[in-house]
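Report on one structure; see the data block that follows.
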Number of protein chains: 2
Amino acid sequence: MKISEARQQFISTWGAMGTHWGINRTMAQVHALLMISADPLTQDDIMAQLNISRGNVNMNIRDLIDWGLVDRVLIPGERKEYFTAEKDIWKVATQIIKERKKRELDPMMKLMDQLSKVEGDKRDKEVKTFLDTINGIKKFGAHADDMLDVLVKSDENWFLSTALKIFK
Amino acid sequence: MKISEARQQFISTWGAMGTHWGINRTMAQVHALLMISADPLTQDDIMAQLNISRGNVNMNIRDLIDWGLVDRVLIPGERKEYFTAEKDIWKVATQIIKERKKRELDPMMKLMDQLSKVEGDKRDKEVKTFLDTINGIKKFGAHADDMLDVLVKSDENWFLSTALKIFK
DNA sequence: TAGAATTTTCAAAAATTACTGAAAAATAAT
DNA sequence: ATTATTTTTCAGTAATTTTTGAAAATTCTA
């Protein structure tokens with residue numbers, strides 16, 4: 001397989017995978033392209049390589065920056081903005097975990113706290129089942145939260161080697 | 001907050017969350033409804049409670065069964081089929097992890113293996129960056145695979161308490 | 001085996017989400 | 001301050017995904 005074909009394949013698959021993870025196809029493709037690009041790219045480079053419009057590139061790049069996965073790079077003497085992606089996959093993963101925890105787990109747990117205050121007789125089967133579910137999620141969420149914090153704060157080698165030694 | 005309102009809120013939020021996780025809104029809502037329902041429900045119950053069509057219920061229920069999150073229940077003497085969801089959230093989580101590993105991680109790793117065989121001079125910057133990315137993902141994926149296996153096979157209390165004791 | 005109840009399928013419609021491209025805003029150069 | 005370059009916005013359009021509902025298939029009953 002030739003390098004150009006392999007690159008295409010990677011971008012396309014990473015994009016398809018994105019849709020399974022609540023990220024839109026194009027955003028994942030831009031990310032893939034930047035990950036395998038040795039040097040920073042401009043909006044025009046990305047437009048050309050992925051065959052998408054300027055507006056589309058602009059919006060997805062902004063989202064990627066919000067996610068902390070892409071950085072603006074200033075090249076001295078150049079007028080245009082350049083963009084580059086974090087290439088260490090462990091850092092990419094922890095960054096995604098950190099963001100999703102903030103955007104999804106935290107608000108979900110806040111809601112569970114509210115819902116667990118529902119009024120009603122706990123001997124009522126409907127109320128009991130509801131509260132059991134909510135409280136189960138609360139407990140699980142609290143554990144997950146703690147573990148993800150540890151995971152995100154630790155460095156790759158320490159975490160993975162320790163974890164595997166112990167759990168395997 | 002009254003129980004009926006709380007239930008609605010839970011179903012609606014769980015549904016919205018689903019869309020962030022590559023699951024469609026309705027499928028997540030059906031799952032939410034079944035989790036907080038004390039007794040098994042029929043397709044008609046679900047249609048009525050979520051205000052959706054028969055075909056929609058049918059397809060989403062089937063998907064949930066494929067995911068291993070919902071089971072058909074036979075009630076003696078009843079003609080209709082009943083459905084129920086696993087209520088232990090740890091089991092729900094491990095089931096989802098197991099399925100996603102199979103559907104997403106495994107094929108992705110297979111692709112990385114192929115792509116790492118790309119032909120080209122490793123001193124070429126383009127080739128080197130590509131291979132570094134691919135190999136990084138391979139290494140990361142292998143670790144993740146091992147850890148998820150342990151996680152899925154262990155029981156909740158053992159895993160969470162051991163993990164927290166060690167890593168906190 | 002015929003008829004009734006229930007489930008499944010799937011083409012068409014609706015709803016949602018993503019993309020384009022041109023105009024406006026911002027930034028830099030002269 | 002004017003012009004040139006680049007970035008950003010966003011209304012309209014396109015593409016994709018989800019939902020409906022009625023017909024077909026299946027399953028059960030007698």
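Lettering follows sequence order; numbering is per chain, from 1.
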Please confirm whether A/R100 makes a cation-pi placement over A/W21, using NZ or CZ under 6.0 Å from the six-membered ring centre and within 45° of the ring normal. no
Taking everything shown except A/K101 itself, do over 12 heavy atoms lie less than 6.0 Å from its NZ? yes
Side chain to side chain donor-acceptor pair (under 3.5 Å) filter on A/D39, not counting sequence neighbours, yields B/K125
Any side-chain to backbone donor/acceptor pair from A/S12 onto A/Q8? Under 3.5 Å, distance only. no
Would you check if the side chain of A/R25 reaches a backbone N or O of A/W14 as a donor-acceptor pair within less than 3.5 Å? no
Hydrophobic side-chain clustering at under 4.5 Å (ILVMFWY, transitive links): who's grouped with A/M59? Put none if nobody. none
Give me the residues of residues 55-86 of chain B where at least one heavy atom lies under 4.0 Å from an atom of DNA chain C, by number, or none. B/G55, B/N58, B/M59, B/R62, B/R72, B/R79, B/K80, B/E81
What parts of residues 21-44 of chain A reach DNA chain D, counting only heavy atoms under 4.0 Å away? A/R25, A/Q43
Walking along DNA chain C from 5' to 3', note the first and the last nucleotide with an atom under 4.0 Å from a heavy atom of chain A, and give both. C/dA18 to C/dA28
Once salt bridge (charged side-chain N to carboxylate O under 4.0 Å, His left out) is applied, do any residues pair with A/R103, and if so which ones, sequence neighbours excluded? A/E99
Please list, chain by chain and in numerical order, all residues satisfying side chain to side chain donor-acceptor pair (under 3.5 Å) with A/D113, sequence neighbours excluded. A/K138
By side chain to side chain donor-acceptor pair (under 3.5 Å) - contacts of A/N51 (at least two apart): none
For DNA chain D, which nucleotides open and close the run of contacts to chain A, 5' to 3', at under 4.0 angstrom from a non-hydrogen atom? D/dA4 to D/dT17
Other than A/L74, what residues sit in its cluster of Ile, Leu, Val, Met, Phe, Trp and Tyr side chains whose heavy atoms are under 4.5 Å apart, directly or through others? none
Listed by chain and number, what are the ring pair (Phe, Tyr, Trp, His ring centres under 6.0 Å) partners of B/F130, not counting sequence neighbours? none
Under the side chain to side chain donor-acceptor pair (under 3.5 Å) test, residues paired with A/K128 that sit two or more places apart: A/D132
